[in-house]
There are 2 protein chains.
Amino acid sequence: MTIKDIARLAGVSVSTVSRVLNDHPDVSKAAKEKVLAIVNEYNYIPNTSARELGKSSSDNIGVVVRGMSNPFYTKIITEVGARIENAGYTMVLQQIGTSDDEILTAARMERDKKLLGIIFLGGKLNYTKEQVSTINVPFVCCTFNNQYGNLDKADYSSVCIDDNQAAYDAVEYLYKEGHRRIAVLLSGPDDGSVSQVRFAGYERALNDFGLDLDENLIISINSFNIADAYEGMNEWLRNGYDFDSVFAISDNMAMGAMKALREKGKDIPKDVALIAIDGIEASEYMNPVLSTLCQPMDDMGSEAVKQVVGLIKGKINHKHIVLPTTLRAGETLR
Amino acid sequence: MTIKDIARLAGVSVSTVSRVLNDHPDVSKAAKEKVLAIVNEYNYIPNTSARELGKSSSDNIGVVVRGMSNPFYTKIITEVGARIENAGYTMVLQQIGTSDDEILTAARMERDKKLLGIIFLGGKLNYTKEQVSTINVPFVCCTFNNQYGNLDKADYSSVCIDDNQAAYDAVEYLYKEGHRRIAVLLSGPDDGSVSQVRFAGYERALNDFGLDLDENLIISINSFNIADAYEGMNEWLRNGYDFDSVFAISDNMAMGAMKALREKGKDIPKDVALIAIDGIEASEYMNPVLSTLCQPMDDMGSEAVKQVVGLIKGKINHKHIVLPTTLRAGETLR
DNA sequence: CTGAAAGCGCTAACAA
DNA sequence: TTGTTAGCGCTTTCAG
């Protein structure tokens, strides 16, 4: 069943069918009704590939998201979707696995879907000029930036929190409560991810507060996984190092750590205080409720859209927006 | 940059370029290298739409998943993806929102991607013959079946647990511990979803155990949301009804309920015992660890793939597989 | 308001 | 081993 069949069945030309299918004006009511009737009768479904191939332009904005199941992005996506719709564009969502290349994905989408702009939700901090040269439409990085890459600030946009400062703040909360043996739970101290940035904030804070960086207090797992955080924490606890608190670089990892601590008989926050960064919904349901620095997800989403749309319309230049975090008091600090 | 440009630049014909791009045999080493060089130099990316349009067949198996962020499906998808790959096919994943129509999505995909078969991960229990008539390739429902629809059993496959029995079992665990005032937390008693099936199991169990169905003990929220479960439980608790335990139809909802109970000063499981169905990872990290009947996610995934592949190869007929659940003891039962 | 026809970028016979 | 060419199913001028 193709557009040709419908045309024949409806007794009109394919262009007329195409017009009614695309809500074009200049189609007589009679023709429209006739076509629609046939379309319904035969359950005709236009071929998307052919459609995209034939089209000369689109109103598509691409959103490529790292991590299919990352709850952190869910809220942002909702917001982004609504705002894009609202601005009169269409969101084309593409989720990719951890091993996929977001730049390549974006480049493909740009050509396939004729994108006008792109929003990256999560991604690497070290894109190079050469890599992004395959992308020819404006793009904005949401929740991260290019601090380990060599992009020109005038060539891309970003909206994120100050991860270094957030980590600093987290440590400061612990410090002000009197904690001096502050462990850090991270993915890798220099894995080029946001983990590294937040670790730098941790280091900076220790330094400012006159605390020595103790290698034994660095709990490094090689993922952002809740199960790995649990295992990693378990293993680390066996060393019996002296500590009074933990700064986890993400809510998810903190949740894994909580279980390990609890099983070890450590009371949170009496024996061990805990703070993290992110503010995902799940950590609100933990017992005790996780104390964490929340990223302003809605604002990040709407700002990101505001950016691409502005860029698409050529009304603004690339900007780098830093949004503030807010503390969710929770119950893991005392 | 199209295949034509590459052909010209490499001094060969488009078909030769197409051949090397698709790893066809019968291409001289020289030609292959030449083409690849140009492709790399210009960062050429083939247009997917054109590719799909031109192709006469594919090795694609479609997977349509309800709920972008449902952690329950994540593990299954991983398993399904691996198995499909393993069987020599390609997985085409499509996630849809709660308001989208999975049948329509599947029908579209079938045509666009030239699918050989489809796996539905989550979906409605009441498809009608007419609805699925738009689908012309074999499909299998994973984690659900058609018990509220009118499909012929010989026309589709399914792999799922016995939801009614699982609910029955859950209630039985509570009953055997001496609980008699068993509340049920569900989405809707007759919303046509799995909630309804599990509620039926709850009713059957009460009946078998000689307990009366008490309307006051039915906590109905209109979603599967953790936040809504929390709110709903909170609200219900204000009534002050007498109860000694809760059967939540899903882990996620149970997690919301736990917070509400805790805030009300109820100790779990001392004051209130709790059991659910699903066995998602997150509920393992709750404090106390949620007691729940786990769905065998890996098995469901691999069985689903075994089914489609068998159907595609024409080696088997439609089957309806029921897999057993296993109890995760947890800490919310005593 | 409608139709004919030329693409869109690629694949796949079919010849050579 | 290679090139020519006819589609794939749709959109979009351009005439009428």
Side-chain angles (χ1 to χ4, degrees), chain A residues 1-36 38-39 42-60 90 107-116 134 136, chain B residues 1-36 38-39 42-60 90 107-116 134 136:
Chain A
M1 186 100 307
T2 75
I3 197 174
K4 252 184 175 165
D5 300 316
I6 301 295
R8 186 168 34 74
L9 259 19
V12 298
S13 71
V14 293
S15 32
T16 296
V17 176
S18 177
R19 284 189 188 100
V20 347
L21 255 27
N22 291 288
D23 267 333
H24 280 209
D26 293 341
V27 181
S28 70
K29 211 167 181 177
K32 188 165 184 173
E33 277 167 2
K34 189 77 214 258
V35 169
L36 254 20
I38 301 289
V39 164
Y42 290 87
N43 270 127
Y44 166 65
I45 299 175
N47 182 305
T48 313
S49 301
R51 224 170 190 177
E52 269 159 0
L53 190 53
K55 216 169 302 201
S56 55
S57 70
S58 86
D59 55 356
N60 294 336
T90 301
R108 266 199 244 280
M109 284 176 76
E110 184 194 318
R111 285 155 188 69
D112 295 347
K113 309 284 187 186
K114 303 192 172 38
L115 301 184
L116 301 175
T134 53
N136 307 300
Chain B
M1 186 100 307
T2 74
I3 199 173
K4 254 186 176 165
D5 300 314
I6 300 296
R8 186 168 34 75
L9 259 18
V12 298
S13 73
V14 292
S15 35
T16 297
V17 177
S18 176
R19 285 188 188 102
V20 347
L21 255 28
N22 291 288
D23 268 333
H24 280 207
D26 294 340
V27 182
S28 70
K29 212 169 181 179
K32 187 166 184 174
E33 278 167 1
K34 190 76 215 260
V35 170
L36 253 20
I38 301 288
V39 164
Y42 290 88
N43 269 127
Y44 166 66
I45 300 175
N47 182 304
T48 312
S49 300
R51 228 172 186 174
E52 270 160 358
L53 229 205
K55 216 169 304 202
S56 53
S57 71
S58 86
D59 56 357
N60 294 336
T90 301
R108 267 199 245 281
M109 284 177 77
E110 183 193 318
R111 286 156 187 68
D112 296 347
K113 309 285 186 186
K114 302 189 172 37
L115 302 184
L116 300 176
T134 53
N136 308 299

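Residue numbers start from 1 in every chain, and the chains themselves are labelled A, B, ... in the order their sequence lines are given, proteins ahead of strands.
- Residues satisfying the side-chain contact (heavy atoms from CB on, under 4.5 Å) criterion with B:A107, sequence neighbours excluded, are A:I45, B:R111, B:T134.
- Between A:V12 and A:V17 there is a side-chain heavy-atom pair separated by less than 4.5 Å.
- Across all non-hydrogen atoms, the minimal contact from A:A7 to A:V14 is CB-N, 3.7 Å.
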Go through the steps for A:E52 and A:K114 under the test salt bridge (charged side-chain N to carboxylate O under 4.0 Å, His left out), then give the verdict.
CA-CA 8 Å; A:E52 269 159 0; A:K114 303 192 172 38; over 6 Å; no

Test side-chain contact (heavy atoms from CB on, under 4.5 Å) on A:T90 and A:S58 and set out the steps.
CA-CA 9 Å; A:T90 301; A:S58 86; over 6 Å; no

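- B:D59 is linked by a salt bridge (Lys or Arg N to Asp or Glu O under 4.0 Å) to nothing, counting only residues two or more places apart in sequence or in another chain.
- With axes fitted over five pairs at each extremity, the angle between the ends of the helix from C:dC1-D:dG16 to C:dA16-D:dT1 is 30° (10° resolution).
- Boundaries of the chain B contact region on DNA chain D are D:dT1 to D:dG9, first to last in 5' to 3' order (nucleotide atom under 4.0 Å from a heavy atom).
- Closest of all the heavy-atom pairs between B:P46 and A:D112 is O-OD1, 4.0 Å.
- Residue pairs meeting the salt bridge (charged side-chain N to carboxylate O under 4.0 Å, His left out) criterion with at least one partner in residues 1-20 of chain B, sequence neighbours excluded, are B:D5-B:R8.
- Closest non-hydrogen pair, B:R51 versus B:N22, comes out as NH2-OD1, 3.4 Å.
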Protein-proximity profile, nucleotides 2-10 of chain C, B/S/- by nucleotide at the 4.0 Å heavy-atom cutoff, equals BBB---BBS

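- Contact of the A:N47 side chain with the A:M1 side chain is not registered, since no non-hydrogen atoms from C-beta on lie closer than 4.5 Å.
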